[in-house]
Amino acid sequence: MTALRGKTLLASGFHMPERRIVDELADALITIGEDGEILSIRRPGEPTYEAEKRAASAKGNLVTLPAGAYILPGFVDLHVHAPQYPQLGQALDVPLEVWLHQYTFPLEARYADIAFARRSYGLLVDDLLASGTTTALYFATIHQDATRLLADICLERGQRALIGKVTMDNQDQCPQSYRDASPDAAIGGTLALIEYINSHPDNREGRILPVITPRFIPSCTDATLEGLGDLAKSCGCHVQTHCSESDWEHGYVLSRHGMTDTESLDRFGLVGRRSVLAHANFLTPLDMETIRMRQAAVAHCPVSNAYFANAVFPLKATLEKGLHVGLGTDISGGPIGSMFDAMRGAIMVSRILESGTDPDLPPEARSRRADTRIDFRDAFYLATTGGGVALDLPIGRFEPGCQFDALVIDTTAERGTIRLWGDLDHGEAILQKIVYTASKPNITTVWVGGRPIA
Ligand code: GUN
Ligand code: FE
């Protein structure tokens, strides 16, 4: 597909600048600047529409999408463990704390081997881009070289990425073969990655950003959490961690710090406008208020939560309270790397939370939560605009000033899984079908900042 920098795209599609409101673009003219930013969007009927279309066409700058193709904003995956890609679809038969020690830490330790890292990270980034994930918030490993390589690969393949060197130095919770040697090593390694990414000669546009990444409270010493909180304050970088994910994890922090994950992370200065807390399944009302006040975000990971969380995240309540929320696949706690599955998972678990689960109970006793359901609009909002807002980046929607990160859904792709019926499917009903039934063969083009992904 064509590069769109300095061009005008004539296309139909959907985006949701605001929650609950689908904005359908029908034969819209989207003009993209030389830096990948959307300059203007014109719709048929607007005064300058015809003239701008003719002018772009005369200059050979008009790119027209075929009928049956729809553009969507590129997906923002708010929670990915890049090194866990080799175990995607494996090892989900044990609780979180066993999974980490039995499978995950040994796998992540292998990224000391740069050849292993190169193969795994290359496949992952290509796979996610082909799945429409134009921005990913990545946990890497504790290793400096492999984490730098992940940044290099994202720069080379064209993905927008936020990348953290994982910090984990608590001897009680991390194996000797896979942990930072000391708080100094954990904090110094984080600083070194920040400097590497910020001064990378191929990163002048800032498409790759460094992230302060305490794995979660159990794996970190207080000295490291404190040092990372100070660093967050001084550098203004993004922060990511896991928060109140499972009964075990939530209970561990309650007993070690005498407070919830959110309260503790907040005391260390790790809950701010650019913080993303993964899972956050067991938030108290006070935790929710803290996250809202700090304008931090939650990465809701519905698929992974089915295996590890021991509960369903009350998504609707957090949205109604005004928290920033996006979606994460949580590769490989979630065994699927596609944001379509994250959207479908979010809808499904929201319905199950409302209906209840135990068929032996009478209907009125089966669920203790009313009004938890979300629909395809909420799910699509979370995967696009919600992710952009969570990261405080101009992505996830088609508006002047935003980067043109987008994918094309070809609803006519024969090997795809979308079947539109001309007289039945119109307007946002088409988006609904895309959200529920699209698969990889329907994704025919992906752009990041107006650049086509090979
Ligand atoms: N908590 C700490 N590390 C991890 C991880 O790798 N995956 C998940 N899902 N939770 C974690
Ligand atoms: Fe995770």
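Each ligand, and each atom within it, is numbered from 1 in the order the structure gives.
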Cys301 near the Fe ion (ligand 2): N/O/S under 2.8 Å:
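No N, O or S atom of Cys301 is closer than 2.8 Å to the Fe ion (ligand 2), so no.
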Can you tell me if, anywhere in His279, an N/O/S atom lies at a distance from the Fe ion (ligand 2) that is smaller than 2.8 Å?
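Coordinating: no.
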Can you list, by chain and residue number, every protein residue with a non-hydrogen atom closer than 4.0 Å to ligand 1?
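Shell around ligand 1 (4.0 Å, heavy atoms): His81, Gln84, Leu96, Trp99, Leu100, Arg215, Phe216, His242, Glu245, His279, Asp330.
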Do Asp287 and Thr260 have side-chain atoms, one donor and one acceptor, less than 3.5 Å apart?
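There is such a pair (donor and acceptor under 3.5 Å, judged by atom type) between the side chains of Asp287 and Thr260.
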Could you tell me whether the side chains of Ser120 and Tyr111 share a donor-acceptor contact shorter than 3.5 Å?
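Yes.
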The Fe ion (ligand 2): angle it makes with NE2 (His81) and NE2 (His79), nearest 10 degrees
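The two atoms subtend 100° at the Fe ion (ligand 2).
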Determine whether Asp330 and Val80 make a side-chain contact, defined as any pair of heavy atoms from C-beta on separated by less than 4.5 Å.
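They are not in side-chain contact.
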Least distance between heavy atoms, Trp447 atom then Thr134 atom:
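Looking at all heavy atoms of both residues, the closest pair is O-CG2, 3.6 Å.
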Which donor-acceptor pairs under 3.5 Å do side chains of residues 182-191 form with protein atoms, sequence neighbours excluded?
| unit_1 | atom_1 | unit_2 | atom_2 | d |
| --- | --- | --- | --- | --- |
| Ser182 | OG | Asp184 | N | 3.4 |
| Ser182 | OG | Ala185 | N | 3.0 |
| Thr190 | OG1 | Ala186 | O | 2.8 |

Test: ring-ring contact (aromatic ring centres under 6.0 Å, His included). Region: residues 277-301. Which pairs qualify, not counting sequence neighbours?
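Residue pairs passing ring-ring contact (aromatic ring centres under 6.0 Å, His included), neighbours aside: His79-His279, His242-His279, His250-Phe282, His300-Phe313.
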Keeping to residues at least two apart or across chains, list the ring-ring contact (aromatic ring centres under 6.0 Å, His included) pairs with something in residues 345-367.
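Passing the test, one end in residues 345-367: no pairs.
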Tell me, which N, O or S atom in Asp330 is closest to the Fe ion (ligand 2)?
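Nearest N/O/S atom: OD1.
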Among Tyr103, Phe105, Phe139, the one residue meeting ring-ring contact (aromatic ring centres under 6.0 Å, His included) with His81:
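Among Tyr103, Phe105, Phe139, the one meeting ring-ring contact (aromatic ring centres under 6.0 Å, His included) with His81 is Phe139.
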